Amino acid sequence: MRAAIPDPRTELHYHSPFQLLVAVVLSAQSTDKAVNLCSAGLFAAAPTPKAMWELGEEGIRAHIRSLGLFNAKARHVHALSGALLQRFDGQVPNSREALESLPGVGRKTANVVLNTLFGEPTIAVDTHIFRVANRLGIAPGKTPLAVEKGLLEVVPADVRKDAHHLLILHGRYTCTARKPRCADCALFSCCAWPDKTLWQRSPS
DNA sequence: ATCCCGAGGG
DNA sequence: CCCTCTGGAT
C-alpha cells in the first residue's frame with residue numbers, strides 16, 4: 001500500500017485521479033478529516049471505477065455512513081463510476097463540461113479537479129472561500145459564482161493554484177466561520193470586514 | 001427554495 | 001443545545 005500522494009493543494013487522501021474525484025464528491029458539507037477516515041476503507045475495497053461500480057450503492061454506503069449526506073453521496077459515487085466506465089473509458093475527463101456532466105459533480109467539484117489534477121488556474125468557491133472573500137472585501141458577492149468571477153479578476157493566474165488552497169486554509173484555521181482569530185490574522189490590517197475587531201483577543 | 005444528514009466544536 | 005463542514009440535485 002502506497003502512502004498518500006503529498007499535495008499541498010488538498011488535504012484529501014488519494015492514489016489516483018479517480019480517487020481524488022470521489023474524495024471531492026464525498027467532501028461536500030464534510031471535513032477532509034472525516035472523508036479521509038472513511039475513504040481509506042472505501043478505496044481499499046474499490047480502488048477503480050470498475051470495482052466501485054461492482055461494489056454497488058449499498059456497499060459504498062456501508063463505507064461512508066459516518067459522513068453527512070451519505071445516502072446521496074453513495075448514489076452519486078456509484079452512478080459516477082458507471083458514467084466513467086460507460087462514457088469516458090474509466091478515465092477522469094479533463095474538461096469542465098465533461099466533469100459537470102457527471103453525477104454529483106457541480107461547478108465547485110469540477111474546479112477542484114481541474115486545479116488539483118490538471119493544473120488549471122481555477123478557483124473553486126466553497127464555503128470557506130465564499131466567507132473569506134466577502135470578509136476581506138477582495139471579491140464580495142452574493143453567490144459563489146459571483147465571488148469566483150471577482151477572484152479571477154483580482155488574483156493573477158500564476159498564483160491562483162496556490163491562492164485557492166491558501167484561501168481555504170486561511171478560512172479553516174484563522175478566518176473561521178464562528179469565532180475568527182482576528183488577533184492572529186496576518187491580513188488584519190488589509191481586511192475590510194466591519195466586524196473584525198469584535199474578536200481581536202484570543203481566548204487564551 | 002428545499003432537501004439531504006453525521007460528527008465535531010463551541 | 002446550535003452551528004459548521006472544500007455542494008449538488010430536485
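What you see is a predicted model, and the numbers here were worked out from it, not measured in a lab. Proteins come first, then strands; the chains are lettered A, B, ... in the order of their sequence lines, and each starts at number 1.
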Let me know the distance between [atom1] of [X] and [atom2] of [N], rounded to the nearest Å.
| X | N | atom1 | atom2 | result |
| --- | --- | --- | --- | --- |
| A:Leu167 | C:dT6 | CG | P | 14 Å |
| A:His170 | C:dT6 | NE2 | P | 15 Å |
| A:Leu80 | C:dA9 | CG | P | 10 Å |
| A:Leu99 | C:dG7 | CG | P | 17 Å |
| A:Leu114 | C:dT6 | CG | P | 20 Å |
| A:Lys142 | B:dA1 | NZ | P | 13 Å |
| A:Asn71 | B:dC3 | CG | P | 16 Å |
| A:Leu169 | C:dC5 | CG | P | 14 Å |

Quiz item: Given the rule in the side chain to side chain contact (heavy atoms under 4.5 Å, CB included) test, do A:His170 and A:Leu187 qualify, once you have shown the distances and angles that lead to the verdict?
Solution: CA-CA 10 Å; A:His170 182 64; A:Leu187 303 177; 4.0 Å; yes
Compare all side-chain heavy atoms of [X] with those of [Y] and state whether any distance is below 4.5 angstrom.
| X | Y | result |
| --- | --- | --- |
| A:His165 | A:Glu11 | yes |
| A:Ile60 | A:Met52 | yes |
| A:Ile123 | A:Asn111 | no |

Practice problem: Assess whether side chain to side chain contact (heavy atoms under 4.5 Å, CB included) is satisfied between A:Leu84 and A:Leu21, documenting all intermediate values. | Solution: CA-CA 11 Å; A:Leu84 286 180; A:Leu21 175 58; 4.2 Å; yes
Side chain of [X], heavy atoms from C-beta onward: which of [options] has the nearest atom to it?
| X | options | value |
| --- | --- | --- |
| A:Phe70 | B:dG6, C:dT6, C:dC5 | B:dG6 |
| A:Ala177 | C:dT6, C:dT4, C:dG7 | C:dT4 |
| A:Thr127 | B:dC5, C:dT6, C:dC5 | C:dC5 |

Quiz item: P atom, B:dC3 versus C:dT6: distance in rounded Å?
Solution: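 Each nucleotide's P atom is 24 Å from the other's.
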Quiz prompt | C:dG8 and B:dA7, which share atom name P, separated by this distance in whole Å | solution = 23 Å
Practice problem: May I ask you to say what A:Arg75 touches in the nucleic acid, namely base, sugar-phosphate or nothing, with a heavy-atom cut-off under 4.0 Å? | Solution: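 The answer is nothing, as A:Arg75 stays clear of every strand by at least 4.0 Å.
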Practice problem: Please work out if A:Val105 contacts a base, only the sugar-phosphate, or nothing of the nucleic acid, heavy-atom cut-off 4.0 Å. | Solution: sugar-phosphate
Quiz item: Salt bridge check: are A:Arg96 and A:Glu120 linked by an N-O gap of less than 4.0 Å?
Solution: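 Here A:Arg96 does not pair with A:Glu120 in a salt bridge, since their nearest N and O are not under 4.0 Å apart.
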Self-check item: Carboxylate-amine/guanidinium contact A:Glu153 A:Lys149, below 4.0 Å
Solution: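 A:Lys149 and A:Glu153: not salt-bridged.
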Nucleotide N/O to protein N/O under 3.5 Å, stretch nucleotides 7-10 of chain B:
| unit_1 | atom_1 | unit_2 | atom_2 | d |
| --- | --- | --- | --- | --- |
| B:dG9 | N2 | A:Arg178 | NH2 | 2.2 |

Quiz item: Counting only side-chain N and O atoms of A:His128, is one of them less than 4.0 Å from OP1 or OP2 of C:dC5?
Solution: yes
Exercise. Report yes if a side-chain nitrogen or oxygen of A:Thr109 is closer than 4.0 Å to either non-bridging phosphate oxygen (OP1 or OP2) of C:dG8; otherwise report no.
Key: yes
Exercise. Please assess A:Val22 against A:Tyr14 for the test side chain to side chain contact (heavy atoms under 4.5 Å, CB included), listing each intermediate value before the final yes or no.
Key: CA-CA 9 Å; A:Val22 171; A:Tyr14 63 100; over 6 Å; no
Quiz item: Between A:Asp32 and A:Leu102, which has a closest nucleotide on DNA chain C that is more 5'?
Solution: A:Asp32
